[in-house]
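The next block holds one structure in the form of structure tokens; read it before the comments.
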Amino acid sequence: MKIRTRFAPSPTGFMHVGNLRTALYEYLTAKHEGGDFILRIEDTDQERYVEGATDVIYNTLKTAGLTHDEGPDIGGDFGPYVQSERLSMYKPYAEELVKAGKAYYCFCSKERLEDLKKNAKEGEVVGYDRHCRDLPQSEIDEKLQAGVPYVIRQKSPLTGESTYHDCVYGDITIPNEELDDQVLIKADGFPTYNFANVIDDHTMGITHVVRGSEYLSSTPKYNALYDAFGWEIPTYIHLPLIMGKSVDEEGKEVVSKLSKRHGSTGFFDLVNEGFLPEAIMNYIALLGWCPAGEYENREIFTMDELVKAFDIHGISKSPSVFDYDKLEWVNAEYIKNMDSDTFLKNAKPYFDKLGIGEGSYALLEEILKPRITRFTQIEEKLAFLNNYEAFDLSLFEHKKSKSTLETSKAILGDIIPVLAEGAWDRDAITNALTEYAAAHEYKNALVMWPVRIAAAGVAVTPGGCAEVLLLLGKDESMRRLNEAFKRLG
RNA sequence: GGCCCCAUGGUCAAGCGGCUAAGACGGCGCCCUCUCAAGGCGCAAUCACGAGUUCGAUUCUCGUUGGGGUCACCA
């Protein structure tokens with residue numbers, strides 16, 4: 001049978017990387033076996049409606065490279081794919097359950113439910129007291145007739161225990177008394193997430209349910225629903241949570257579910273910070289899953305390779321901490337391996353901002369590629385091109401090169417005229433400097449150091465002396481060299 | 001608090017009764033080198049604890065501790 005998985009986000013306008021990783025694993029689970037990946041929008045909570053939020057979902061999936069086979073935007077044989085458009089189908093299912101004695105009408109007011117909670121003993125957590133579970137039929141009819149608002153609740157088993165199998169966690173057993181009579185249809189007639197989820201998954205032919213491990217303990221309730229309808233229970237693949245590390249008020253390191261306080265956790269937040277979509281996906285694929293066989297120890301994967309390598313046996317059970325350092329490294333790997341066109345496409349906005357012309361593109365690509373871990377760093381790396389301030393002359397002093405204020409002054413004095421007359425290409429500049437060094441029996445470093453400092457005005461530059469001069473152009477270089485020379489007295 | 005799950009270096013993690021306990025990020029050192037990177041080489045760093053089972057436990061069982069999740073007319 002063809003595998004069908006689904007990604008069922010609710011439109012909140014924000015795509016958490018945890019959700020995105022779930023989507024990724026759902027995609028990979030299906031695609032590894034040649035199955036279908038379905039997108040379904042779960043918008044049964046009208047109170048949480050956010051304008052344009054579904055576009056965020058489409059854009060995320062598209063940018064992330066997770067192409068769905070069926071969904072609200074492209075259709076499919078199991079539509080509609082938006083829950084609010086399926087609204088009419090849920091209640092009849094719930095009523096079918098009521099008729100079968102597997103669910104019941106509950107007329108309890110919100111106030112009564114709140115009182116239940118309020119009256120609970122200190123530290124005690126109480127669920128619904130099943131007040132309406134065994135109401136006499138006459139009373140039910142009466143209330144229905146009178147138009148008393150109601151919800152439909154699932155009749156959960158009171159005793160015994162439920163066991164189910166999960167592909168990652170193995171057999172899970174829960175005492176049935178832990179299962180409460182959850183609401184299936186809300187007072188407004190809308191289904192709850194739990195209920196709609198089961199109905200949708202079944203009617204859409206979802207074979208593998210992939211979701212976070214927070215559903216581990218409520219899964220028996222879902223199963224009870226499948227059983228009540230006589231439907232086949234899907235294969236479950238629960239995923240370990242993604243955690244974040246932070247420091248509490250006392251300065252202690254604490255680990256908790258990844259959230260805003262750990263830094264950017266939204267997909268587009270990360271993208272805006274300069275992380276490449278491919279790198280983000282690559283990184284999160286490895287958070288909680290480890291490749292095996294021919295892919296063992298591999299760190300960099302294209303989406304196609306992930307599809308080939310993915311195997312649910314490699315999914316780990318323990319939660320993992322989101323490591324921004326490693327993400328940064330993965331991102332850098334992608335940059336280093338980029339072809340020129342892609343590199344330029346990403347770098348161009350920054351080049352334009354700095355007023356850099358086409359003539360420098362190739363050289364910049366060469367010197368920037370190994371030096372940036374994110375494209376957003378370009379501005380800072382090249383700041384010296386447009387800024388040249390009266391830098392601290394002590395920059396000319398460099399122990400390793402044996403450069404001092406004196407040697408710098410002498411060498412600049414000698415070399416400025418030479419450079420002024422020479423050609424302005426990489427070889428010419430390099431040769432001029434090294435030949436001068438050789439002629440005076442100086443180490444290259446002793447010559448390169450002051451020239452680079454004088455030209456850039458900063459200690460750290462991407463690329464070396466010749467590259468800095470080239471980027472600056474002859475006029476600007478000579479101007480700076482002369483100015484620095486003058487300042488050296 | 002009840003219930004469920006988890007537990008290998010700082011982090012991601014391999015391991016599935018016998019290994020000098022992989023690999024990666026990060027850290028540190030060396031090399032290369034005009035700075036910074038990149039690259040190369042190397043080093044430090046892990047089986048939470050306690051009982052069992054076994055000839056032998058990181059690996060199996062139980063307990064302890066620690067961490068996480070969950071207990072809605074939210075999804």
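A, B, ... follow the sequence lines: proteins, then strands. Residue 1 opens every chain. Computed from a predicted model, the values in this text were never measured in an experiment.
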Return the nearest nucleotide to the side chain of [X]; candidates are [options].
X: A:Leu287; options: B:rC34, B:rU11, B:rC12; result: B:rC12
X: A:Met243; options: B:rC71, B:rA7, B:rG68; result: B:rG68
X: A:Lys336; options: B:rA22, B:rG39, B:rC34; result: B:rG39
X: A:Glu214; options: B:rC6, B:rG69, B:rC34; result: B:rG69
X: A:Glu299; options: B:rA24, B:rA75, B:rA72; result: B:rA24

At 4.0 Å (heavy atoms only), tell me whether [X] reaches a base, stays on the sugar-phosphate, or touches nothing.
X: A:Ser403; value: nothing
X: A:Val151; value: base
X: A:Arg153; value: sugar-phosphate
X: A:Gly463; value: base
X: A:Tyr283; value: nothing

inquiry  = Quick test of your reading: applying side-chain hydrogen bond (donor to acceptor under 3.5 Å, both in side chains), list the pairs with at least one residue in residues 210-224 of chain A, sequence neighbours left out, ordered by first then second residue.
reply    =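 Those involving residues 210-224 of chain A are A:Asp180-A:Lys221, A:Tyr193-A:Tyr215, A:Asn194-A:Tyr222, A:Arg211-A:Thr219, A:Arg211-A:His238, A:Thr219-A:His238, A:Asn223-A:Tyr236.
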query = So is A:Arg374 actually on top of A:Phe275's ring, under 6.0 Å and inside 45° of the axis?
reply = yes
inquiry  = Less than 4.0 angstrom from a charged side-chain N to a carboxylate O is my criterion; do A:Glu406 and A:Lys409 meet it?
reply    = no
